[in-house]
Student: 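This is the structure I want to talk about, given as structure tokens.
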Amino acid sequence: MRNLADSIENFIISELLREREEALLVQRNELAERMSCAPSQISYVLSTRFTPDRGYMVESRRGSGGFVRIMRMNSQENATRETKAEDLVDHLLEERVITGREQKLLRFMMNIIDVDEDKKKIILKQAINEMNKA
């Protein structure tokens, strides 16, 4: 028997495939209701299964009318190489998640940080989460 997290993940992936889009926009509460679970379970799946390492970026807006945008990071041409933190920043600009000014600042940050790519991705995710809180 599949667990709830697997069911939520599979539902989201099937919606991404069905729409044939690079991003899916959902409301956490509506998705929780549809999946008969708590919104915190949706948050858990998003934070553990839809990560940059797995080829996804998640943007969350809180408050009334809040939403979650799940974006696929690896297009067909990028599927054969590892996604770098700078590529993720560029993708965020293309998807209009960040402004050009924010892109330049984040790219500068990624260039001066002396850590491996995995750590850069973690730092980038934290920065994006902090920007979304503002």
Side-chain angles (χ1 to χ4, degrees):
M1 183 174 177
R2 297 165 66 195
N3 69 29
L4 180 59
D6 291 338
S7 296
I8 295 168
E9 177 185 19
N10 289 333
F11 176 79
I12 292 170
I13 290 171
S14 69
E15 286 296 304
L16 278 168
L17 294 174
R18 185 175 65 83
E19 297 294 326
R20 296 190 183 270
E21 295 288 331
E22 292 298 313
L24 177 66
L25 192 66
V26 297
Q27 289 195 321
R28 189 182 331 261
N29 289 338
E30 288 179 12
L31 183 55
E33 187 176 310
R34 182 175 183 148
M35 301 300 296
S36 300
C37 65
S40 62
Q41 290 172 302
I42 303 296
S43 297
Y44 169 78
V45 171
L46 293 174
S47 66
T48 60
R49 311 256 178 126
F50 292 89
T51 64
D53 290 342
R54 290 184 166 194
Y56 297 95
M57 182 66 82
V58 176
E59 175 192 10
S60 180
R61 299 282 181 186
R62 301 197 188 283
S64 61
F67 65 88
V68 176
R69 179 180 292 140
I70 305 152
M71 297 168 284
R72 280 190 268 184
M73 302 304 291
N74 289 334
S75 61
Q76 293 293 1
E77 67 267 9
N78 290 336
T80 57
R81 66 180 179 87
E82 179 184 343
T83 304
K84 294 187 176 185
E86 288 183 9
D87 297 332
L88 297 175
V89 171
D90 293 341
H91 182 77
L92 291 171
L93 177 67
E94 290 169 13
E95 293 295 321
R96 296 186 177 133
V97 174
I98 61 174
T99 66
R101 184 172 187 227
E102 291 167 334
Q103 178 218 26
K104 289 176 185 173
L105 180 60
L106 289 170
R107 283 187 64 110
F108 175 76
M109 238 176 61
M110 294 298 109
N111 283 327
I112 64 170
I113 296 173
D114 187 24
V115 294
D116 63 35
E117 277 299 313
D118 290 334
K119 182 68 176 170
K120 283 183 181 182
K121 290 177 189 176
I122 292 168
I123 294 167
L124 178 60
K125 182 179 178 185
Q126 291 170 340
I128 296 298
N129 287 336
E130 285 299 313
M131 288 184 343
N132 284 335
K133 289 179 184 177

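All residue numbers in this chain count up from 1 along the given sequence.
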Student: Indicate, with yes or no, if Ile113 and Leu106 share a hydrophobic cluster defined by side-chain heavy-atom contacts under 4.5 Å among Ile, Leu, Val, Met, Phe, Trp and Tyr.
Tutor: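 Yes, it is one cluster - the side chains of Leu106 and Ile113 are joined through contacts under 4.5 Å.
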Student: Would you sort out whether Ile13 and Phe50 count as a side-chain contact (heavy atoms from CB on, under 4.5 Å), showing the intermediate values?
Tutor: CA-CA 10 Å; Ile13 290 171; Phe50 292 89; 4.0 Å; yes
Student: Looking only at atom types and distance, does a side-chain atom of Ser14 sit under 3.5 Å from a main-chain N or O of Phe11, one as donor and one as acceptor?
Tutor: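 Looks like yes, one N/O pair under 3.5 Å.
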Student: What is the minimum heavy-atom distance between Ile98 and Val89, and which atoms define it?
Tutor: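 Distance-wise, the nearest heavy atoms are CD1-O, 3.7 Å.
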Student: Would you say that more than 12 heavy atoms from the other residues, nucleotides or ligands in this model lie under 6.0 Å from the CG of Asp116, or not?
Tutor: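 Buried by this count: over 12 neighbours within 6.0 Å.
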Student: Name all residues meeting the side chain to side chain contact (heavy atoms under 4.5 Å, CB included) criterion together with Ala38; count only those two or more places apart in sequence or in a different chain, and write none if there are none.
Tutor: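 Side chain to side chain contact (heavy atoms under 4.5 Å, CB included) list for Ala38, sorted by chain: Ser40, Gln41.
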Student: Find the distance between NZ (Lys121) and CE (Met110) and round it off to the nearest 0.5 Å.
Tutor: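 Between atom NZ of Lys121 and atom CE of Met110 there are 11.5 Å.
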Student: Please report the shortest heavy-atom distance between Met35 and Leu4, naming the atom on each side.
Tutor: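 Reported closest heavy-atom pair: O-CD1, 4.1 Å.
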Student: CZ/Arg54 to OG1/Thr51 distance, rounded to the nearest 0.5 angstrom?
Tutor: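 Going from CZ on Arg54 over to OG1 on Thr51, the span is 6.0 Å.
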Student: Salt bridge (charged side-chain N to carboxylate O under 4.0 Å, His left out) with Arg107: which residues, sequence neighbours excluded?
Tutor: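 With neighbours one apart ignored, the set is Glu86, Asp90.
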Student: Do you know the tightest heavy-atom contact between Ala127 and Met109?
Tutor: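 Closest approach of Ala127 to Met109, heavy atoms only: CB-CE, 4.2 Å.
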Student: Which atom names give the shortest non-hydrogen contact between Arg69 and Ala23, and what distance separates them?
Tutor: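 Nearest pair, atom of Arg69 first, then Ala23: CG-CB, 4.1 Å.
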Student: Kindly give the heavy-atom pair with the smallest separation between Arg28 and Ser43, and that separation in Å.
Tutor: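 What the structure gives for the nearest pair is NH1-OG, 2.8 Å.
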Student: Just verifying a value: how many Å separate Leu24 CG and Ile12 CD1, rounded to the nearest 0.5 Å?
Tutor: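 Between Leu24 CG and Ile12 CD1, I get 7.0 Å after rounding to 0.5 Å.
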Student: Do Ile122 and Met57 sit in one hydrophobic cluster, given that two such residues count as connected whenever their side-chain heavy atoms are within less than 4.5 Å of each other, even indirectly?
Tutor: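 Shared cluster, no.
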Student: In Å and rounded to the nearest 0.5 Å, what is the CZ to CD1 distance from Arg34 to Ile8?
Tutor: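 It comes to 12.5 Å.
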Student: Kindly give the heavy-atom pair with the smallest separation between Leu124 and Ala85, and that separation in Å.
Tutor: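 Nearest heavy atoms, Leu124 then Ala85: CD2-O, 3.6 Å.
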Student: Using 0.5 Å steps for rounding, measure from the CG atom of Asp114 to the NZ atom of Lys119.
Tutor: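 The CG atom of Asp114 sits 12.5 Å away from the NZ atom of Lys119.
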Student: Which pairs with one or both residues in residues 41-51 pass salt bridge (Lys or Arg N to Asp or Glu O under 4.0 Å), sequence neighbours excluded?
Tutor: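 Residue pairs with at least one partner in residues 41-51: Asp6-Arg49, Glu9-Arg49.
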